[in-house]
Amino acid sequence: MDILAELNPAQKEAVEAIEGPVLILAGPGSGKTRVIAHRVAYLIKVCGVSPHRIMAVTFTNKAAREMEERLQRLIGRALGDLTIGTFHAICARILRRDGRATGVDPRFVIYDDEDQISLLKRSIQEIGLDPKQYAPRALGSAISAAKSCTSTPTEYSKHTTSYFEEVVGRVYERYQQLLEESNALDFDDLLMKTVQLFRASPETLAKYQSRYLHIMVDEFQDTNVVQYELIKQLGGERHNVCVVGDPDQSIYSWRFADLRNILSFEKDFPEAKLVLLEQNYRSTKLILETASHVISVNQLRKPKALWTENEPGELTNIVETYTEQEEAQFVVSEIERLVEGGKAKLGDCAVMYRTNAQSRALEEAFMRYGIAYKLVAGTRFYERREVKDIIAYLRVIQNPNDSVSLLRIINVPGRGIGQQSQSQLASWAKSQGVSQYEALKLIAEAKDDEESQPPFNSRLVRVLSGFVEMMEEFIARSRESNLVALFDLVVKKIGYEEYLMSGENGEERWENVLELRTVARDYRHLEPGEGLSAFLEGVTLVSDVDGLDETVDAATLVTLHQAKGLEFPVVFIVGVEEGILPHYKSLDDPGQMEEERRLCYVGITRAKQRVYLVHAFRRSLMGSSMVSTASRFLDDIPKNLVASSGLWEREESQVAPSLYPRGKARRAPAPSSDVPELKAGDRVHHAQFGDGVVVNCRPLKDDTEVMVAFKRGVGVKRLLLSFANLEKRK
DNA sequence: CGAAAGGCTCTTTTT
DNA sequence: GAGCCTTTCG
């Protein structure tokens, strides 16, 4: 098979440019994944480069898997040990192998978001601050930002410019100490420590530099500074670095992805070859045009000349519904209509949304209609309590210093080691200068020796010893048994099934444990220790889309972020409203607003045939009902590209003429002489409901109906102006 | 010690 | 509406 056949001239140019740096700017649907795959295949098959000497970085594990499959088809034989995966997975592998040079113990565990928050809380408390006053999440984000520029606690603290930053510096320092004591790395550490390793150990760097002749990076627009640094380190003198990206699809700046990497690339590699992929093979002309109108409003971008030879296709559907329930219902019934009419298969349809919370109404509608769907994240499997409990046991077995996991399981299932006992244990461990697990071992050893008893009562000594003896048994077994045998032993010994069954949703939760066991089975052929470690790494570094199964014929529900890199014949984007898309947190920041717009652009450009942009008039948010207005992004789509419909009549359909209680209305004071003139946007005060904002005014026969959005818990009320006694506020 | 109940605060997006 | 924390009681 000729690897260059079937490629257009620009794609061919990108594939053949194998010497020196290459920057590929690729519009949506322009075949960039294809280019990467063909480029790797070209290197191996035509240029005779060993797969061993190629690294390809993808954004998700799923993308890596697909790339591998594609390559196998292209090359027609096994790949050998090509390095392909996410930055995080690749770095974890490097650190396990060579991390010692920078002080990383190869048995490290990786802390996910939840573990990180819990450790941050502890750090905040330990330096004498209140986690309620200093939100762990906010501090975590600041620390993550620091790590994204490989700034150590000491370096960070040198350059603080505010009290908040000073606090961040202190928390960062303690947090990092605790991580080290726990022999744990967080996601950012995986990247940062690898860069530090390469800085600290030129021999290690040289080893990797001489191995990797060619490096390729997908989704380059979403890399951060450390990731870029890593690419530069590995690229070494050779500069055989090929990066592929699209600035218009940069949607991870909140994770400190830095678009400037693209500019820096051209500066750091002045000899870089630039390739533009502008022909779109995915979408209809009208979809591409719609998307272009949305994105072209952004100021901070370089215009692109995207084009397609595809059919014009259908107009973009803009639909307004009354509530989010109706919105979900519309989506599901429209999908049903398309499927029944033979216009699409169920699996062709995707529903995309800005926030995870929006999936709820959709799921309910899918279930009510009995239509199959797959939810990409949901309450993510690996974040479920029962799943994390078992993982925590396995983590402590691999690495007893993992304090976050130890604290999680020490009293789960309950064995009488409550808060009180735990802090006793913690302070004793500290006084002895040992880790908590080591303290437990000391207690167990000393329990029959009257002399060296730690200051605990005999009951506590008994339960603590019992716990640590059990864990020691697990650890011993982990050296000789395969992962599944170990898994079964742990679950049985701690009585986890009985524990779950006695609680709520026991059956469902037990099923999740069994599901985790089937994941573990994939690792049972590995050597005992290796299987455990690979399993733990796998379950921590999974991404949500990794679980997406294309072979199942069901509609897909994803966030817009997760949708990056996917494509579907039919795309619904729901909640296209001010405050949702764009998200309200972005409303006052032009830079963030541009990112929201890119997010919308990413969504639209996922579609091959049909796009629906749906918004609701009312939506429950954080418990109370709010009135929503159509997203500003919809205004930027010319009318001639749009087929719009409202599924509810603003003038007639609504509830009762007035929500104002009748009895009360009669007793209410007579219309006052100076009824204020109100218009949408005015702030008002109501004696009973408090402060609110006028959402809408509608003239009636001899009165005005005003819709007012009140504060939390009250929601939107429909009032008669003459009776409501509204006070206009400035 | 632990279960239950009530009160609080927030919620973007995720490797 | 949910998850987390605190309080209270057995």
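Proteins come first, then strands; the chains are lettered A, B, ... in the order of their sequence lines, and each starts at number 1. On a predicted model such as this, the values are computed, not experimentally measured, just so you know.
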When rounded to whole Å, the OH to P distance for the pair A:Y252 and B:dT14 reads 6 Å
Has A:T60 got a side-chain N or O lying under 4.0 Å from the OP1 or OP2 atom of B:dT15?
no
For DNA chain B, produce a single dot-bracket line, 5' to 3'. Pairs: Watson-Crick or G-U wobble, both distances under 3.5 Å. Symbols: ( ) within strand, [ ] crossing, | other strand, . unpaired.
||||||||||.....
So A:S586, base contact, sugar-phosphate only, or nothing? Heavy-atom distance under 4.0 Å.
nothing
First of A:L460 and A:H561 reached from the 5' end of DNA chain B, by closest nucleotide
A:L460
In this structure, how many angstroms lie between the P atom of B:dT15 and the CZ atom of A:R65, rounded?
13 Å
What's A:N411 touching, base or sugar-phosphate or nothing? Going by heavy atoms closer than 4.0 Å.
sugar-phosphate
Considering only residues two or more places apart or on different chains, which pairs with a residue in residues 458-469 of chain A satisfy salt bridge (Lys or Arg N to Asp or Glu O under 4.0 Å)?
A:K447-A:E469
Winner on side-chain proximity to A:T355, out of B:dT15, B:dT13, B:dT11, is B:dT13
OP1 or OP2 of C:dA2 versus the side-chain N and O atoms of A:R360: is any pair under 4.0 Å?
yes
Would you list the pairs meeting salt bridge (Lys or Arg N to Asp or Glu O under 4.0 Å) in which at least one residue belongs to residues 407-417 of chain A, sequence neighbours left out?
A:E114-A:R408, A:D389-A:R408
Rounded to whole angstroms, how far apart are OH on A:Y111 and P on B:dT15?
20 Å
For A:E595, report the nucleic acid contact type (base, sugar-phosphate, nothing); a contact means any heavy atom under 4.0 Å.
nothing
For A:R137, is the CZ atom crowded, meaning more than 12 foreign heavy atoms sit under 6.0 Å from it?
no
Residue whose closest nucleotide on DNA chain B lies nearer the 5' end, A:F87 versus A:R415
A:R415
The side-chain hydrogen bond (donor to acceptor under 3.5 Å, both in side chains) partners of A:E219 (sequence neighbours excluded) come to A:K32, A:Q221
Using only heavy-atom distances, determine whether the side chains of A:E578 and A:T629 contain a donor-acceptor pair under 3.5 Å.
no
Hey, does the side chain of A:S620 come within less than 4.0 Å of C:dG1's phosphate (OP1/OP2), counting only N and O?
no
Once you round it to whole Å, what is the distance between C1' of B:dC1 and CD1 of A:I410?
14 Å
So, do A:Y252 and A:F59 have ring centers that fall under 6.0 Å from each other?
yes
Taking only N and O in the side chain of A:K132, is any of them less than 4.0 Å away from OP1 or OP2 of C:dC4?
no
Please tell me if A:N224 has a side-chain N or O lying less than 4.0 Å from either OP1 or OP2 of B:dT15.
no
Distance check needed: B:dC10 C1' versus A:H583 NE2, whole Å only.
11 Å
May I ask you to verify if any side-chain N or O of A:N356 is less than 4.0 angstrom from the OP1 or OP2 atom of B:dT13?
yes
Specify the separation, in whole Å, of atom NZ of A:K147 and atom C1' of B:dT15.
14 Å
Over how many whole Å does the gap from A:F381 atom CZ to B:dT14 atom C1' extend?
19 Å
Scan A:K121 against the nucleic acid and name what it touches under 4.0 Å (heavy atoms): base, sugar-phosphate only, or nothing.
sugar-phosphate
Partners meeting side-chain hydrogen bond (donor to acceptor under 3.5 Å, both in side chains) with A:S427 (sequence neighbours left out):
none
List the residues meeting side-chain hydrogen bond (donor to acceptor under 3.5 Å, both in side chains) with A:T556, not counting sequence neighbours, and say none if there are none.
none
Hey, does A:Q358 reach any base, or is it just sugar-phosphate, or nothing, if we go heavy atoms under 4.0 Å?
nothing
Between A:W254 and B:dT13, do the rings stack, that is, sit under 5.5 Å apart with planes less than 30° off each other?
yes
Any A:Q562 side-chain nitrogen or oxygen under 4.0 Å from OP1 or OP2 of B:dT14:
yes
